[in-house]
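Hydrogens, waters and symmetry mates are skipped; everything else that's a heavy atom, side chains included, is used. Residue numbers begin at 1 in each chain, while the letters A, B, ... track the order of the sequences.
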There are 2 protein chains.
Amino acid sequence: MADTAIPIGELSRRTGCNIETIRYYERIGLMPAPPRRGRYRSYGGGDVVRLGFVRRARELGFTLNEVRALLGLAAGGDTTCAEVRDLAAVHLKDVRARIADLKRMERVLADSVRACDAGQEPGCPLIDTLYAEPRAPAPRG
Amino acid sequence: MADTAIPIGELSRRTGCNIETIRYYERIGLMPAPPRRGRYRSYGGGDVVRLGFVRRARELGFTLNEVRALLGLAAGGDTTCAEVRDLAAVHLKDVRARIADLKRMERVLADSVRACDAGQEPGCPLIDTLYAEPRAPAPRG
DNA sequence: CTTGAGTCTGTAGTCACTACAGACCGTATA
DNA sequence: TATACGGTCTGTAGTGACTACAGACTCAAG
């Protein structure tokens, strides 16, 4: 009852992945096409595990192509750990770059909002920032 | 020579915004359709300023719809500073949420890569993480 | 006259979904 | 038996913010 003939709605509930997305994953070959009971898809315990893997990888920010690669590596023996490590390391670098980008944005935005709150300057500090020359280091002191 | 009859390629060079994107902005009404010299678009200094504004707002992570709003507010008087501030504050919250998300990813990824490097455990630490139950707090001591 | 660079329109692809429309299926209830 | 309801099906199109062509044209220099 728990592991066989799971309909798509329950797979969705168990994994937190919505139905349309599950069908989408099937269409792009990330999830195998399951057998049918009549016209309806019928999943098993393995599908729950696999889809869970996919979802957790996605939550770590891996692209679907990277997830595909990870699934392939996971299916292989344990000789592939180095490859997995490399994939993760590349991705980690990317995540860190995105964090750095966002922090730069955060700084500028926070400065502008603070300046707005202070309300000392004429005009609007954020609008001024947006009109200002790019990459000019603001004089401060 | 500097301010009139600027062809799209030069506008692109001056703003760092690529040509296809400029035409895309025109199509969606973010940039006005400029007059033509023959069949060619002919921009002026105002377009350089406006597109620069757009680009800088995009670099701060505002969506195109937010940029549209900002452009509208910037065109108004200076009575709109509070509205700009609110827009920026909402966006700032969003940026901070994204940073928090990415940091969570970073932590998990960094842990896995480190565990890989240590190479003590059997199997692959990252693959194990991906197969593991969601949100189970890892025992650590 | 030809070459090359620049520009034009229009369409389709990217990523990872998401949102329908409209049909069908199986069961519980009146 | 009728019907209502919830679940599922296929297929297509939309999202955001571009990006990438194809194939035609314009213009100036050599």
Undergrad: Starting at the 5' end of DNA chain D and moving along, which residue's nearest nucleotide shows up first, B:N65 or B:Y40?
TA: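 It is B:N65, whose closest nucleotide lies nearer the 5' terminus.
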
Undergrad: Please state how far atom CG in A:L11 lies from atom P in D:dT8, giving the value in whole angstrom units.
TA: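 Interatomic distance, CG of A:L11 to P of D:dT8: 10 Å.
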
Undergrad: For a quick test of reading the model: is some side-chain N or O of B:R39 closer than 4.0 Å to OP1 or OP2 of D:dC25?
TA: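 No, because none of the side-chain N or O atoms of B:R39 sits under 4.0 Å from OP1 or OP2 of D:dC25.
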
Undergrad: Whole-Å distance between C:dT27 P and A:R37 CZ?
TA: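 The distance from CZ of A:R37 to P of C:dT27 comes to 11 Å, rounded to the nearest Å.
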
Undergrad: In whole angstroms, how far is the C1' atom of D:dT26 from the CD1 atom of B:I8?
TA: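 Between C1' of D:dT26 and CD1 of B:I8: 15 Å.
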
Undergrad: Could you tell me the separation between the CG atom of B:L30 and the P atom of D:dG16, rounded to a whole number of Å?
TA: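 Atom CG in B:L30 sits about 13 Å away from atom P in D:dG16.
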
Undergrad: Students often get this wrong, so: under 4.0 angstrom with heavy atoms, is A:I28 touching a base, only sugar-phosphate, or nothing?
TA: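 Nothing, no heavy atom under 4.0 Å.
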
Undergrad: On DNA chain D, nearest-nucleotide positions of A:S42 versus A:R27: which is more 5'?
TA: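 In this pair, the answer is A:S42.
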
Undergrad: Please confirm whether the backbone N or O of A:P7 pairs with a side-chain atom of A:E10, one donor and one acceptor, at under 3.5 Å?
TA: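 Not confirmed, A:E10 side chain does not pair with A:P7 backbone.
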
Undergrad: B:N18 side chain N/O closer than 4.0 Å to the phosphate oxygens (OP1, OP2) of D:dC18?
TA: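 For D:dC18, neither OP1 nor OP2 has a side-chain N or O of B:N18 closer than 4.0 Å.
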
Undergrad: Any base atoms under 4.0 Å from A:R36, or only sugar-phosphate, or nothing? Heavy atoms, all strands.
TA: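 Contact class for A:R36: sugar-phosphate only.
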
Undergrad: Nearest whole angstrom, please: distance from the C1' of C:dT7 to the CZ of B:R13.
TA: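 Spelled out: CZ on B:R13 to C1' on C:dT7 is 12 Å.
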
Undergrad: If you compare every side-chain N and O of A:R23 against the phosphate oxygens of D:dC9 (OP1, OP2), does one of them come in below 4.0 Å?
TA: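 Yes.
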
Undergrad: Tell me whether the side-chain N/O atoms of B:R55 come closer than 4.0 Å to OP1 or OP2 in D:dC18.
TA: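 So the side chain of B:R55 is within the cut-off, an N or O lying under 4.0 Å from OP1 or OP2 of D:dC18.
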
Undergrad: Think B:T21 has a side-chain N or O under 4.0 angstrom from the OP1 or OP2 of D:dT19?
TA: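 The answer is yes; a side-chain N or O of B:T21 sits under 4.0 Å from OP1 or OP2.
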
Undergrad: Indicate whether OP1 or OP2 belonging to D:dT26 is found under 4.0 Å from a side-chain N or O atom of B:R41.
TA: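 Answer no for this pair, as no side-chain N or O of B:R41 is under 4.0 Å from OP1 or OP2.
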
Undergrad: I need the CD1-P distance between A:I19 and D:dG7, as an integer number of Å.
TA: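 Atom-to-atom, A:I19 to D:dG7, this comes out as 8 Å.
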
Undergrad: Could you state the atom-to-atom distance from CD of A:E26 to C1' of C:dA16 in whole Å?
TA: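 After rounding, the gap between these two atoms is 17 Å.
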
Undergrad: Assess, by modelled atom type and distance only, whether the side chains of B:R50 and B:Y25 contain a donor and an acceptor separated by less than 3.5 Å.
TA: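 Their side chains do not contain a donor-acceptor pair, so the 3.5 Å distance test is not met.
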
Undergrad: Run through B:N65, B:L71, B:T21 and flag the one making a side chain to side chain contact (heavy atoms under 4.5 Å, CB included) with B:L30.
TA: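 Exactly one pass, corresponding to B:L71.
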
Undergrad: Can any side-chain N or O of B:R56 pair as donor or acceptor with the backbone N or O of B:L60 at less than 3.5 Å?
TA: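 A pair under 3.5 Å: no.
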
Undergrad: Where the side chain of A:R37 meets the backbone of A:Y40, is there a donor-acceptor pair that is under 3.5 Å apart?
TA: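 Absent.
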
Undergrad: If you compare every side-chain N and O of A:Y25 against the phosphate oxygens of C:dC17 (OP1, OP2), does one of them come in below 4.0 Å?
TA: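 Result: yes.
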
Undergrad: Does A:R58 place a side-chain N or O at less than 4.0 Å from the phosphate oxygens OP1/OP2 of C:dC17?
TA: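 For A:R58, the contact criterion (side-chain N or O under 4.0 Å from OP1 or OP2 of C:dC17) is met.
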
Undergrad: On DNA chain C, check which nucleotide each of A:E20 and A:L64 is closest to and give me the residue with the more 5' one.
TA: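 It is A:L64, whose closest nucleotide lies nearer the 5' terminus.
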
Undergrad: Using atom types as modelled and distance alone, determine if a side-chain donor or acceptor of B:D86 lies under 3.5 Å from a backbone N or O of B:E83.
TA: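 Checking the backbone N and O of B:E83 against the side chain of B:D86, no donor-acceptor pair under 3.5 Å is found.
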
Undergrad: Can you identify which nucleotide, out of D:dC9, D:dC18, D:dC21, has its nearest atom closest to the B:Y24 side chain?
TA: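 That would be D:dC18.
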
Undergrad: Within this structure, what is the CD-to-C1' distance between A:E59 and C:dA16, rounded to whole angstrom?
TA: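 Roughly 15 Å, once rounded to whole Å.
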
